[in-house]
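Only one structure is covered here, and it is reproduced in the block below.
As the structure is a prediction and not an experimental result, all values here were calculated from the model.
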Amino acid sequence: MSPTLHNRPSGTMTGGRALAEMLRLAGSGPMFGMGGFQLLPFYDAVGPVGLNHHLINDERCGAFAADAYARVTNRPGICDGTLGPGATNLVTGLVESLNGGIPIVAITGDTNRMHSWKNMTQESRQVEILRPAVKELIRVEMTARIPELVRRAFAVATSGRPGPVLLDVPEDVAHGTHEFAPEAFIIDEATLKAPARRIRPDRTDIERAAKLIAKSKRPLLLTGGGIHLSEAWNALTRFAETQSIPVAHTMSGKGGIACINPLSVGLFGRYSRIANDLIEASDCLIVIGCKLGEIATKRFALPPSHIPVIHLDIVAEEIGRCIPAEIALWGDARAGLEDLTDALSDSGATARATRADYVAEVAPRMRAWEDDAAPRLNSRDRPVHMARLCRELDRTLPEDAILVADGGFAGHWTGLLYDTKSAGRSFIPDRGFASIGYGLPGGMGAALAALDRPVVAISGDGGFNMTLGELETARRVGCGLTVIVVNNAASGYVKALQHAMMGGRYQSADLNEMDYAAIARTMGCGGIRVEDPEALSPALRQGMEERDRPTVIDVVVTRNPGQMLPAVDNRTVEIKRGDRVA
Ligand SMILES: Cc1ncc(C[n+]2csc(CCOP(=O)(O)OP(=O)(O)O)c2C)c(N)n1
Ligand SMILES: [Mg+2]
């Protein structure tokens, strides 16, 4: 336990001050919220204790920003909302973190308990509304217990499968005072970053898995966001390389190994380059830190049931939920990969020789895919083709850049086509809940987490409209973020589905034609409108050069709903009743 005694406050202070002191001891980064009466003592204390708190224009966006901060750093992101609508506005953002396994400590004000349930203004059953949105909801009933319960919040947020923890603080607890001893202010440093602790899979299970892998001719790694939470990048790369096993990834798992690593076979699931074909032809699937949900399995059509699955996950009950696992490895991804590498260390050379032909298939398959996709990837179309936009991102973003992708098409297109140049979480899509509106606030959280790295967010125009107010926040905070607005003047995904499945009967799918670059300029930000694909790369460079204000690049893309789905090609899909095409 640390820190040392001299760093600890003591004496009589408000609950709000005690909360701020604990967050300071936890080394908390930028936090995002909107105040109200209940948490005023906390707001009053953040400045004096040296915390970095930013007013947000919508609490949901505060939670999104905290989520992205946590994805970049693996340290709990912090957000807050006041009593009532402030608290309930957090729900969508917190569910993103819950489903994504992202460590968050959220704080809400609540009614003064002297008057609760007497029609207090803004009162609701907020604890009940928020409880299923978080890993644990901690109701703080005594000012004196604030340090202990903040400790608990960090421990829960970063242990096991990380997640959001909510501290619900009644007004009288925040405003009330207590005489604290310095010993109260301690926090376990291990809990300040996920994973707080690592657990290794059972030895016997590792040996069984190693035997199955050793005899497999075409094993394939299927990796999810758990790789990033466990910081298992090196362990994964080493395991894949020493055993000659190709790696496919989900959208959240991109960057488990560098996309440009010859063993990377790209995205699998709803959209895929070559990975789905390799899954079909595999004889052993090694699933790591991946829930195998709807998108990863193409609505549970993948993988074929005859292929044995080894499933390593930090949540034991997640294993076998969607796809039965032949071998269940319960534990931390990095630890499990290290143990598998060790268990197979003697057979590495043999494995590499046996699988030489197999891994040699990857490059020509990728080339064939690339040849097929080239007309789209290099398209000179005006309006801009989405594949070309992704290609320009790929070419222009430097190795250390972070790309944050919004919930609509933006995430799927870049998930399929954007290549990370090194291992690590440098592609951040909000796949926990896939809400639109994450791009801008998520980009801001990522930019504040990585001040020296270029951060680009890509969002649909619908998603951007939803959270446009945060451009004011990003401007005020001085955030050198580049936001690409994929301007198709539509709720595109919906329109494309109506095109494919409803015979082109479009309902509530069109947006107004807008110039988002002009709007951005009016708000004191940079704004560049791009209609010619050749202008994409210079615009991106210009955006990334701005270090202390955001730049919006408004990219006019196709308005043709027949060209919107991210399959890179544009085949007509045959649809049977009840099908979901994308
Ligand atoms: C909060 C929320 N509401 C609805 C949806 C369903 N949805 C998925 S994609 C999409 C279209 C979003 O439009 P836009 O942001 O412009 O992206 P585009 O698909 O046009 O690229 C919608 C409405 C969602 N993901 N999140
Ligand atoms: Mg759109």
Side-chain angles (χ1 to χ4, degrees), residues 92 250-251 267-273 275-277 280 293-302 369 372-377 379-391 405-417 429-431 433-439 458-466 484-516 531 533 554-582:
T92 303
T250 63
M251 288 162 78
L267 187 68
F268 71 96
R270 181 182 287 178
Y271 300 110
S272 147
R273 303 182 193 180
N276 286 359
D277 293 342
E280 302 267 1
E294 176 185 357
I295 309 258
T297 59
K298 277 185 99 174
R299 212 172 244 219
F300 314 105
L302 280 175
W369 168 83
D372 187 49
R376 270 89 54 189
L377 292 167
S379 162
R380 291 168 168 272
D381 284 2
R382 293 172 65 141
V384 174
H385 199 294
M386 273 305 282
R388 175 71 190 270
L389 170 56
C390 294
R391 175 51 54 101
D406 202 59
F409 272 154
H412 289 287
W413 275 100
T414 48
L416 180 66
L417 297 179
D430 58 323
R431 294 315 302 178
F433 210 23
S435 174
I436 60 168
Y438 182 91
I458 179 165
S459 170
D461 41 3
F464 188 68
N465 284 333
M466 202 175 238
I484 298 170
V485 178
V486 176
N487 186 337
N488 55 12
S491 198
Y493 219 131
V494 178
K495 193 166 183 178
L497 290 176
Q498 289 173 345
H499 172 84
M501 307 185 74
M502 302 294 159
R505 293 185 301 282
Y506 305 118
Q507 175 60 54
S508 307
D510 286 314
L511 291 168
N512 213 16
E513 286 287 350
M514 303 277 270
D515 183 339
Y516 295 98
E531 298 183 39
D554 185 30
V555 184
V556 181
V557 301
T558 183
R559 266 99 179 105
N560 177 352
Q563 287 184 343
M564 287 179 179
L565 288 176
V568 181
D569 62 13
N570 205 13
R571 282 169 292 188
T572 329
V573 264
E574 195 193 322
I575 296 144
K576 291 182 240 96
R577 209 175 159 72
D579 266 0
R580 163 129 209 201
V581 292

**Study point:** Candidate pair Glu280 and Leu302, rule side chain to side chain contact (heavy atoms under 4.5 Å, CB included), full reasoning
**Key:** CA-CA 8 Å; Glu280 302 267 1; Leu302 280 175; 3.5 Å; yes
Review point. Would you say the side chain of Glu294 lies within less than 4.5 Å of the side chain of Arg270, judging by non-hydrogen atoms?
Key: yes
**Study point:** Separation between OH of Tyr493 and CD1 of Ile436, rounded to the nearest 0.5 Å
**Key:** 13.0 Å
Review point. Side-chain contact, heavy-atom cut-off 4.5 Å: Thr558 with Met386?
Key: no
Practice item. Answer yes or no: is there a side-chain heavy-atom contact under 4.5 Å between His412 and Ile295? Key: yes
Exercise for review: Please check if the side chain of Asp406 supplies one atom and the backbone of Ile458 the other of a donor-acceptor pair under 3.5 Å.
Suggested key: no
Point to revise | Heavy-atom closest pair, residues Glu513 and Ala489 | key: OE2-CB, 3.7 Å
**Study point:** Close side-chain approach of Asn276 and Tyr271, heavy atoms under 4.5 Å
**Key:** no
Check your understanding: Is any side-chain heavy atom of Phe268 less than 4.5 Å from a side-chain heavy atom of Lys298?
Key -> no
Practice item. Please work out which of the three classes, parallel, tilted or perpendicular, describes the rings of Tyr506 and His499, given edges at 30° and 60°. Key: parallel
Review point. Are the side chains of Pro429 and Thr414 in touch, meaning some heavy atoms are under 4.5 Å apart?
Key: no
Review point. Any idea which heavy atoms bring Thr250 and Ala296 closest together, and the distance?
Key: CG2-CB, 4.0 Å
Point to revise | Asp381 vs Arg388 side-chain heavy atoms within contact, under 4.5 Å | key: no
Check your understanding: Closest approach of Met564 and Trp413, non-hydrogen atoms and distance?
Key -> O-NE1, 3.1 Å
Study note, to complete from the structure: The reported gap from CG in Asp461 to OH in Tyr516 (rounded to nearest 0.5 angstrom) is 4.5 Å
Review point. Run the side chain to side chain contact (heavy atoms under 4.5 Å, CB included) check on Leu417 and Arg391 step by step: do they pass?
Key: CA-CA 7 Å; Leu417 297 179; Arg391 175 51 54 101; over 6 Å; no
Check your understanding: Roughly how far, to the nearest 0.5 Å, is the SG atom of Cys390 from the CZ atom of Arg376?
Key -> 13.0 Å
Check your understanding: In Å and rounded to the nearest 0.5 Å, what is the OH to CZ distance from Tyr438 to Arg431?
Key -> 12.0 Å
Review point. Which pairs, with at least one residue in residues 495-508 and sequence neighbours excluded, count as a salt bridge (Lys or Arg N to Asp or Glu O under 4.0 Å)?
Key: Lys495-Asp510
Review point. Backbone N or O of Met514 within a donor-acceptor pair of the Asn512 side chain at under 3.5 Å?
Key: no
Practice item. Identify, with sequence neighbours excluded, every residue that meets salt bridge (charged side-chain N to carboxylate O under 4.0 Å, His left out) alongside Arg273. Key: Asp419
Exercise for review: Using distance alone, with no hydrogens and no angle criterion, decide if Asn487 and Arg559 have a side-chain donor and acceptor under 3.5 Å apart.
Suggested key: yes
Review point. Is there a donor-acceptor contact under 3.5 Å from the side chain of Asn488 to the main chain of Val557?
Key: no
Exercise for review: Give the minimum heavy-atom separation between Ala405 and Gly411, together with the two atoms involved.
Suggested key: CB-CA, 3.7 Å
Study note, to complete from the structure: Heavy atoms of His385 and Ser379 approach each other most closely as CB-OG, 3.6 Å
